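No hydrogens, no waters, no symmetry mates; every other heavy atom, side chains included, goes into these values. Just so you know, these numbers come straight off a predicted model, no measurement behind them.
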Amino acid sequence: MRILIIGRGGREHAIAWKMAQSALKPELFIAPGNVGMNTITAQTGAPVTLVSISENETEALRDFALTEHIDLTVVGPEAALANDIATVFTAAGLRIFAPTAAAARIETSKEFAKDLMRKYQIPTASYRTFEDYDSAKRYLDEQGAPIVIKYDGLAAGKGVVVAMTAEEADNALKDMLLDNRFGEGKVVMEEFLQGPEFSLLALVNGEQVVPLVIAQDHKRAYDGDKGPNTGGVGAYSPVPVIPQAQIDWAVEHIMKPTAKALIAEGCPFCGVLYGGLMLTKDGPKVIEFNARFGDPETEVVLPKLKSDLTQMMLDVLDHKEVNPEFYEDAFLGVVLAAKGYPGSYTKNIPLNDPTGLSQQVFCMGVKEEEGKLLSNGGRVLIVVGRGKTLKEAQQDAYQGVEKMAHPDLFYRQDIGWQAV
């Protein structure tokens, strides 16, 4: 099996690490990857080659896959999906586990996702969409706070503001509609919902929906869920606060109907459908959908997966029945980020070598210069602990974090606090 994984972060590191363990004895190519992924060979025996093609160079990636006779391509980042890499690869006769750009609109356009949910009665918060600041401000004055403001397009996980005051909401509207912080676009203004959040990832092909275990991620930068929203600074699985009956309900009433709705809209989904859900007083509701593996949830969900991920993806592509098995153990991941993230942050921080750790480390933003490992992004790496309970997994993770810590890195001390 020759497998191409597209992306460069911790999510792709986790996907590659898990796929490398397959009984199919795969050879992995990661484009562009990061230098931290070179540890996969020592851990699994699978050969890994980093390929210096950016995730946005769709045609170059296709040509590489054709030249190297790639059997299966897996896409991590949303930007590649928005470039319609799935259609380009499929047209070239290449197998790819990823949705088309049309199906990926469930992530790339908040408006498309909300309109789809309203049309097919998939439970979500009430909302309105606005293109100009003045009409959005009038709606804000009518509704008041708390309220949720979402940029309609891609914003690297930073385009959502949960505004607890009208002033905060107004600042978000100015940021998105007047200053065009994420580019010109619309905003979706949503009813504020309350309850514990959870992430439900599923492997999907048409009507086939294969749910994985749920996880909960931590979006806020600082302890106590304070500070700015980030791309996620920690995650854990399982999530004991969410009963299994509610997870089953969400699969039947949210994930499966969404897959059917996309078929009805003429854009059937193939790949990983991510439901960002909240357990409200009225049951689970959709906060957002993503069209790919979540980050950092992937880094705790895939270690919990006992089944062969590579074989699972191939079986889903072939519409074969898939019944994944999971370890009973709990997994908890803590992100070490550069000081200043998610704003402007410290760069080129020297990092300790993670190879000797008993914990699993997935590299998010790293590079190598003169044989030394340095930071190369806001989120630098995630240390994943394992234990019979979440408390044990948390203790294990933080033991590893202490060995990777640096004065220019910061991390939350309370990942998993709701469960532990």
Side-chain angles (χ1 to χ4, degrees), residues 1-9 11-34 37 40 46-108 201-210 259 262-263 266-274 290-293 298 302 308-320 322:
M1 265 315 274
R2 291 166 73 79
I3 296 172
L4 173 62
I5 295 166
I6 295 169
R8 66 179 70 209
R11 162 184 51 210
E12 290 78 23
H13 190 166
I15 295 167
W17 169 82
K18 191 67 190 179
M19 293 187 81
Q21 297 166 41
S22 172
L24 296 165
K25 299 269 186 277
E27 183 176 355
L28 299 180
F29 300 85
I30 312 172
N34 72 57
M37 299 178 187
I40 292 170
V48 172
T49 304
L50 302 184
V51 182
S52 57
I53 305 174
S54 160
E55 51 269 70
N56 295 318
E57 295 178 77
T58 305
E59 282 76 20
L61 289 164
R62 175 202 60 203
D63 294 346
F64 174 84
L66 287 168
T67 304
E68 292 293 333
H69 306 291
I70 296 295
D71 299 301
L72 175 65
T73 298
V74 179
V75 182
E78 56 272 34
L81 301 175
N83 291 339
D84 210 12
I85 191 167
T87 301
V88 171
F89 271 54
T90 304
L94 293 160
R95 297 200 95 186
I96 184 165
F97 193 71
T100 62
R105 284 178 298 167
I106 196 136
E107 172 173 12
T108 59
L201 284 70
L203 306 188
V204 174
N205 188 7
E207 282 195 24
Q208 186 178 10
V209 175
V210 180
L262 288 165
I263 295 169
C267 48
F269 192 98
C270 176
V272 179
L273 183 64
Y274 165 122
N290 290 336
R292 34 81 195 179
F293 277 109
T298 303
L302 292 187
D308 186 323
L309 178 63
T310 305
Q311 189 64 59
M312 281 172 64
M313 287 179 173
L314 292 168
D315 288 347
V316 170
L317 283 171
D318 291 333
H319 292 290
K320 291 179 182 169
V322 178

> Under the side chain to side chain contact (heavy atoms under 4.5 Å, CB included) criterion, do Met1 and Ser22 qualify, and how do the steps go?
Replying inline: CA-CA 10 Å; Met1 265 315 274; Ser22 172; over 6 Å; no
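- For the atom pair CD1 (Ile6) and CD1 (Ile85), the distance works out to 3.5 Å, reported to the nearest 0.5 Å.
- A donor-acceptor pair under 3.5 Å links the side-chain atoms of Asp84 to the main chain of Ala101, judged by distance alone.
- A donor-acceptor contact shorter than 3.5 Å links the side chain of Thr310 to the backbone of Met19.
- The distance from atom CG of Leu94 to atom CD1 of Ile70, rounded to the nearest 0.5 Å, is 8.5 Å.
- When all heavy atoms of Ala16 and Leu28 are compared, the pair lying nearest together is O-CD1, 3.3 Å.
- Between atom CZ of residue Phe29 and atom CG of residue Leu61 there is a gap of 13.5 Å, rounded to the nearest 0.5 Å.
- Between Leu317 and Asn205, the shortest heavy-atom contact is O-ND2, 3.4 Å.
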> Could you go step by step and tell me if Arg95 and Asp71 meet the side chain to side chain contact (heavy atoms under 4.5 Å, CB included) rule?
Replying inline: CA-CA 6 Å; Arg95 297 200 95 186; Asp71 299 301; over 6 Å; no
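- Contact check for Arg8 versus Pro77: no side-chain heavy atoms found under the 4.5 Å cut-off.
- One finds the NE2 atom of His13 at 13.0 Å from the OG1 atom of Thr298 (value rounded to the nearest 0.5 Å).
- Of all heavy-atom pairs between Ala80 and Glu55, the closest is CB-O, 3.6 Å.
- The closest donor-acceptor contact from the side chain of Glu107 to the backbone of Ala104 lies at 3.5 Å or more, if one exists at all.
- Listed here is the closest heavy atom pair of Leu201 and Tyr274: CD1-CD1, 3.8 Å.
- Distance check, rounded to the nearest 0.5 Å: CG of Leu273 to CZ of Arg292 gives 11.5 Å.
- Residues Leu262 and Val204 have side chains not in contact (no heavy-atom distance under 4.5 Å, counting atoms from C-beta outward).
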>> For a side chain to side chain contact (heavy atoms under 4.5 Å, CB included) check, start with the C-alpha distance between Val322 and Leu203, then their side-chain angles and the critical distance, and finish with the verdict.
In response: CA-CA 10 Å; Val322 178; Leu203 306 188; 5.7 Å; no
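- Under the 3.5 Å distance criterion, the side-chain polar atoms of Arg62 are left unmatched by any main-chain donor or acceptor of Ala92.
- Atom OG1 of residue Thr49 and atom CE of residue Met37 lie 13.0 Å apart, to the nearest 0.5 angstrom.
- Of all the heavy atoms in Thr58 and Phe89, the pair that sits closest is O-CE1, 4.1 Å.
- Taking both residues in full, the closest heavy atoms of Leu81 and Ala291 are given as CD1-O, 3.2 Å, listed atom of the first, atom of the second, then distance.
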